[in-house]
Amino acid sequence: MESPELSFTLVYIVFCLCFVFTPNEFRSAGLTIQNLFSSWLGSEDVAFIQYHVRRTSVTVLVHSALPLGYYLGMCVAVPEKNLGYIHQVSDSWRAFLLLSICLQLASWTLVIYWSRHHWHNHPISRSLQAHVRPPHSSWGAVAASINTEFRRIDKFATGAPGARVIVTDSWVLKSTTYHMHMALQDDCHVTVTESRQHHMSPDTASPAQILTMRVASINPAIRPFDIRLNSTEYADLREKLHAPIRNSANVVIHQTISELFLETFRAHVDLNQPYTLPTQQEIEPCIGCMQVPANTKLVRLCHTEEAFNVSDCQECFCRPMWCLSCLGRWFASRQDQQRPETWLSSTVPCPTCRAKFCILDVCVVR
């Protein structure tokens, strides 16, 4: 049987991890710094910079108190250890308590130092000071400018509170747990450095491509920082971002679920039996894009794959008239956009004769 000490330790570790990294369940329950201290933090929409100065300061104080909270919790969960009587506890517990108290005192000392001269020493304030230039005469004027732009409804904002990306008319901002990164759009350039493909997204239950982008400023006082976003949000970011974007990793950016499906569609069609064009028949341009030759033919092959010939597909007698990309886009456009997991197994009508076909019936012309 597990001891109360081990049980409390495991529960407290899980609680601390969830409280620091804040999964969706904790946000829904209101167990976040922003919600617990909302009355003191104020409104982010009214005073964006001041809100995050206070938020990061409270976060440092609360997170540094977690070790001390563990000791106090053990006093209640395991009373037989007599941890409330310091002179009776072991040296290891006494050392842990001393370190916990020192960590809490150090965090209070740091926050008090930050708050001097109206938070002049806070890291966010120091970042603002690096951007002081005409027409802004002080870091407070720069903060006021950011506050004004954040209140506009046309800003770009995405990401969880612990790694939120915000792009306004003049600024690229990233809020983290303990800091706020910022760069002036006129002074920075953005580089796509990495792309990661996730087979399942927790928000959309569909594949997602996560882009990592490095924001670097020509201002030597501003350190580069990375932002991450879903590729489906790239177009909105690009519309708001005036700074140039370079693609150093040669990443192919999938901006929509249809484009992700198109890549999968091509891979599955390549596995199908090819169609041999009759010798007297010529290949015409694709009637969808008129840019490339028509290279697909619909041939009912799925009945050979089905166990009891229950396929709803029909014979298509059209000559090759569509390229693979246009046919794949047509296939995706006829699907239920809320259920992408059913796309590969669905049937759609031929764009020319309306005969039903599935992905097994699409053949590449050889």
Side-chain angles (χ1 to χ4, degrees), residues 2-79 81 83-84 96-97 99-112 114-115 119 122-124 150 155 157-166 173-181 198 200-205 208 210 225-230 233:
E2 293 184 356
S3 65
E5 180 180 359
L6 179 60
S7 300
F8 176 78
T9 300
L10 293 176
V11 171
Y12 194 81
I13 290 175
V14 172
F15 171 80
C16 290
L17 291 175
C18 293
F19 188 73
V20 172
F21 298 104
T22 320
N24 292 332
E25 291 76 12
F26 265 51
R27 294 194 190 99
S28 301
L31 296 177
T32 62
I33 297 292
Q34 293 89 331
N35 186 68
L36 296 175
F37 297 90
S38 59
S39 59
W40 185 75
L41 294 178
S43 173
E44 184 183 38
D45 293 328
V46 174
F48 175 77
I49 292 296
Q50 290 78 0
Y51 174 89
H52 284 281
V53 166
R54 292 190 288 265
R55 178 190 63 80
T56 52
S57 301
V58 171
T59 301
V60 169
L61 293 176
V62 174
H63 288 182
S64 65
L66 292 177
L68 184 59
Y70 172 72
Y71 186 92
L72 297 177
M74 286 293 292
C75 293
V76 177
V78 193
K81 282 186 171 293
L83 296 180
F96 178 81
L97 177 61
L99 289 175
S100 301
I101 294 175
C102 289
L103 179 61
Q104 181 70 165
L105 292 176
S107 66
W108 275 100
T109 303
L110 178 63
V111 171
I112 291 173
W114 284 351
S115 65
W119 300 97
H122 195 279
I124 295 180
F150 181 80
K155 64 180 177 294
T158 184
R164 197 174 177 206
V165 178
I166 303 161
L173 309 169
K174 176 187 176 182
S175 65
T176 62
T177 304
Y178 304 111
H179 191 50
M180 169 72 70
H181 299 279
H198 296 270
M200 192 65 66
S201 170
D203 298 325
T204 62
I210 305 300
F225 58 93
D226 291 336
I227 61 176
R228 291 178 176 84
L229 72 156
N230 197 307
E233 301 171 314

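For this chain, numbers begin at 1 and follow the sequence in order.
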**Pair Met180-Thr56, side-chain contact (heavy atoms from CB on, under 4.5 Å): steps then yes or no** = CA-CA 9 Å; Met180 169 72 70; Thr56 52; over 6 Å; no
Report the residues that fulfil side-chain contact (heavy atoms from CB on, under 4.5 Å) with [X], sequence neighbours left out, ordered by chain and then residue number.
| X | answer |
| --- | --- |
| Phe21 | Leu17 |
| Phe37 | Ile33, Leu41, Val58, Val62 |
| Ser100 | Pro67, Leu68, Phe96 |
| Leu99 | none |

Could you tell me whether the side chain of [Y] reaches within less than 4.5 Å of the side chain of [X], counting heavy atoms only?
| X | Y | value |
| --- | --- | --- |
| Cys16 | Tyr70 | no |
| Thr158 | Asn230 | no |
| Val111 | Trp119 | yes |
| Glu233 | Val165 | no |
| Phe225 | His179 | no |

**Message:** Tell me the closest heavy-atom pair linking Ser43 and Tyr51, and the distance in Å.
**Reply:**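 Reported closest heavy-atom pair: C-CD1, 4.0 Å.
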**Item:** Contact summary for Ser107 and Ser64, nearest pair of heavy atoms
**Value:**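 So the minimum-distance heavy-atom pair works out to OG-OG, 2.8 Å.
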Quick check for you: to the nearest 0.5 Å, what is the distance between [X] atom [atom1] and [Y] atom [atom2]?
| X | Y | atom1 | atom2 | answer |
| --- | --- | --- | --- | --- |
| Ile166 | Ile227 | CD1 | CD1 | 11.5 Å |
| Leu97 | Cys102 | CG | SG | 9.5 Å |
| Arg228 | Ile210 | CZ | CD1 | 10.0 Å |
| Gln34 | His52 | CD | NE2 | 8.0 Å |
| Thr109 | Gln104 | OG1 | CD | 10.0 Å |
| Arg27 | Asn24 | CZ | CG | 5.5 Å |

**Asked** Within the side chain of Tyr12, is there an N or O that forms a donor-acceptor pair under 3.5 Å with the backbone of Leu66?
**Response**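 Indeed, once roles are kept as given, a pair shorter than 3.5 Å links the two residues.
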**Pairs satisfying salt bridge (Lys or Arg N to Asp or Glu O under 4.0 Å), at least one member in residues 30-51, at least two apart** =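 Output for this query lists Glu44-Arg164.
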**Item:** Residue pair Ile49, Ile124: steps toward the side-chain contact (heavy atoms from CB on, under 4.5 Å) verdict
**Value:** CA-CA 8 Å; Ile49 292 296; Ile124 295 180; 4.2 Å; yes
**Asked** side-chain hydrogen bond (donor to acceptor under 3.5 Å, both in side chains) with Tyr178: which residues, sequence neighbours excluded?
**Response**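 Once residues adjacent in sequence are excluded, the partners of Tyr178 under the side-chain hydrogen bond (donor to acceptor under 3.5 Å, both in side chains) criterion are His63.
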**Asked** When the ring planes of Phe15 and Phe19 are compared, do they come out parallel, tilted or perpendicular, using 30° and 60° as the limits?
**Response**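 Rings of Phe15 and Phe19: parallel, under 30°.
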